[in-house]
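Only one structure is covered here, and it is reproduced in the block below.
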Amino acid sequence: VTDLAPPIESILVVDDSTVQRHFTLGLARELGIADLREAVDGADALRLLRGGATLPALMIIDLEMPAMDGIELIQKMREHQLCVPFVVASSREGSLVSAVEEMARVLGLPVLAGVRKPLTKELLVSAFAACRNFEAPSLPVPPKDSLPLEDEELSDAIARHAIVPHYQPKVDLRTGLLRGVEALARWPHPKHGFVPPDQFISVAERQGHGAIHAVTLNIVDQAMAQAARWNARGLRLSLAVNLSPLLLDAPDLVEELCSLLETHQLTADQVVLEITESSLPRVPGVALGVLARLRMKGFGLAIDDYGTGFSSMQQLSRVPFTELKIDRSFVHHAHCHENRRVILESALEMAHRLKLVTVAEGVETIEDWRLLQQFGCDIGQGYLVAKPMPAAALPSWLKGHRKRLTELRACTQQTTALNIDGEIA
Ligand code: C2E
Ligand code: CA
Ligand code: CA
């Protein structure tokens, strides 16, 4: 243990328990660290980090603390671009610790390890080693617009209603039957082909309320028209659309969406509005009112990309959500990643307790599909079932899909009721 030169220079231990904090600091001192710092909770740690002194070389972060807990602290450090390698230490069950560790890793945060307390010298020594070998990852940055798209070009496309929805099937995990579709915006561009939304939604959001409002409402309008056409042919599908959080502070949104329903003769219970989890902590009071009113009108409300936003249960319970969509980073290859599996299972368990419909996005393999069936997830969406497609392609996809029902069905399902899915006339 003692021949481990050069020691790291400084450490910050964040723990509300004085006994635990001093114990850890004692170990660090014995291992030759001179600059020992301590904080009693997340808020205290954040003050120290932002206080102007040099950042510590390493942090040990407890999970459960009053005022600001470890998860919130990690989130805040990310927000303020405070890049300090850290170890998550908790006396809670190992699965919780590994869940937090995996979450931090998926988000590109500098997590070295997740460990159960009490810490030992050996654990600290290996954290030091990891710390010395640690290369700061670039903190996650908002997606760059990699295509040379002109702002005017986008405004023009929006004004011409040139941005169109494609549809990705959402399928019942037990039976394999088609339940609904998610409308995903596509910009058919003369030079760049179908430009994906990641490249232009953020541009529209930056252009301001007018632009993002126009794209979104127009996609909703086109998608509702399409759902009404499917209804007329006996194919009643739940329709999911994505709402930018920027739209939620305009109270008119409720009336606008309701009047679109009326135009297309749809009922609100056929429509699910998806809002990304990471936007929730910033959702102001007005937006909570808008969401509550949308729910009262009968729209379904889904938390999108769940797992990437560090929401606490309390934050989630502020909004009357009806559906939880687990982000694909926790679904993809969950069958062979212990940590993802743990997150997936606990998220599903929580959602079921909150009586939410559960959706797994990004299902690409049959092994992940089976795992989701085993965990009792309700709906699956992903390339295994289908990629997003133009409305016109849905009937022939559905034909092919019927042949796969035996493969997709849960092993316990009987061969009954497989043809209740709407026929396209
Ligand atoms: P999202 O709501 O999370 O949509 C799911 C994304 O995952 C889609 O990307 C979809 O094509 C992709 N995907 C689905 N299954 C799989 C899979 O098995 N594997 C992989 N690797 N990917 C899969 P897309 O269409 O590029 O959309 C990106 C994001 O853009 C959406 O993420 C959504 O947040 C936003 N978006 C899309 N349409 C709209 C819109 O009309 N309005 C607003 N405000 N945002 C939109
Ligand atoms: Ca979505
Ligand atoms: Ca998503």
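Counting starts at 1 for both ligands and their atoms, following the listed order.
- Between Arg370 and Glu367 there is no salt bridge, since none of the side-chain N atoms of the basic residue sits less than 4.0 Å from a carboxylate O of the acidic one.
- No N or O atom of Pro388 sits closer than 3.5 Å to an N or O atom of ligand 1.
- The closest approach between any non-hydrogen atom of Arg186 and ligand 1 is below 4.0 Å.
- Checking only distances, Asp304 does come within under 3.5 Å of ligand 1, N or O to N or O.
- When rounded to 10 degrees, the angle formed at the Ca ion (ligand 2) by OD2 (Asp304) and OE2 (Glu182) equals 180°.
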Steps toward side chain to side chain donor-acceptor pair (under 3.5 Å) verdict (Arg78, Gln75): CA-CA 5 Å; Arg78 181 188 192 220; Gln75 179 197 5; over 6 Å; no

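- Selection from Pro245, Ala183, Ala185 by nearest heavy atom to atom 38 (N) of ligand 1 gives Ala185.
- Residue contacts with ligand 1 for Val241 are absent, since no atom lies close enough (heavy atoms, distance under 4.0 Å).
- Under the 4.0 angstrom criterion for non-hydrogen atoms, Gln381 is not in contact with ligand 1.
- Taking a cut-off of under 4.0 Å to the non-hydrogen atoms of Arg328, the atoms of ligand 1 that pass are 6 (C), 7 (O), 12 (C), 13 (N), 20 (C), 21 (N), 22 (N), 23 (C).
- Contacts between Ile201 and ligand 1 below 4.0 angstrom, taking non-hydrogen atoms only, involve the side chain exclusively.
- Counting non-hydrogen atoms of neighbouring residues, nucleotides and ligands closer than 6.0 angstrom, the CD atom of Glu262 reaches no more than 12 such neighbours.
- The number of heavy atoms from other shown groups lying within 6.0 Å of CZ (Arg404) is above 12.
- Within the structure, the closest approach of Glu205 to ligand 1 does not fall below 4.0 Å when heavy atoms are considered.
- Which parts of ligand 1 touch Glu364 is read off a 4.0 Å heavy-atom cut-off, strictly below it: atoms 17 (C), 18 (O), 19 (N), 20 (C), 21 (N).
- Glu205 places no side-chain N or O within donor-acceptor distance of the main-chain N or O of Ile212, the cut-off being under 3.5 Å.
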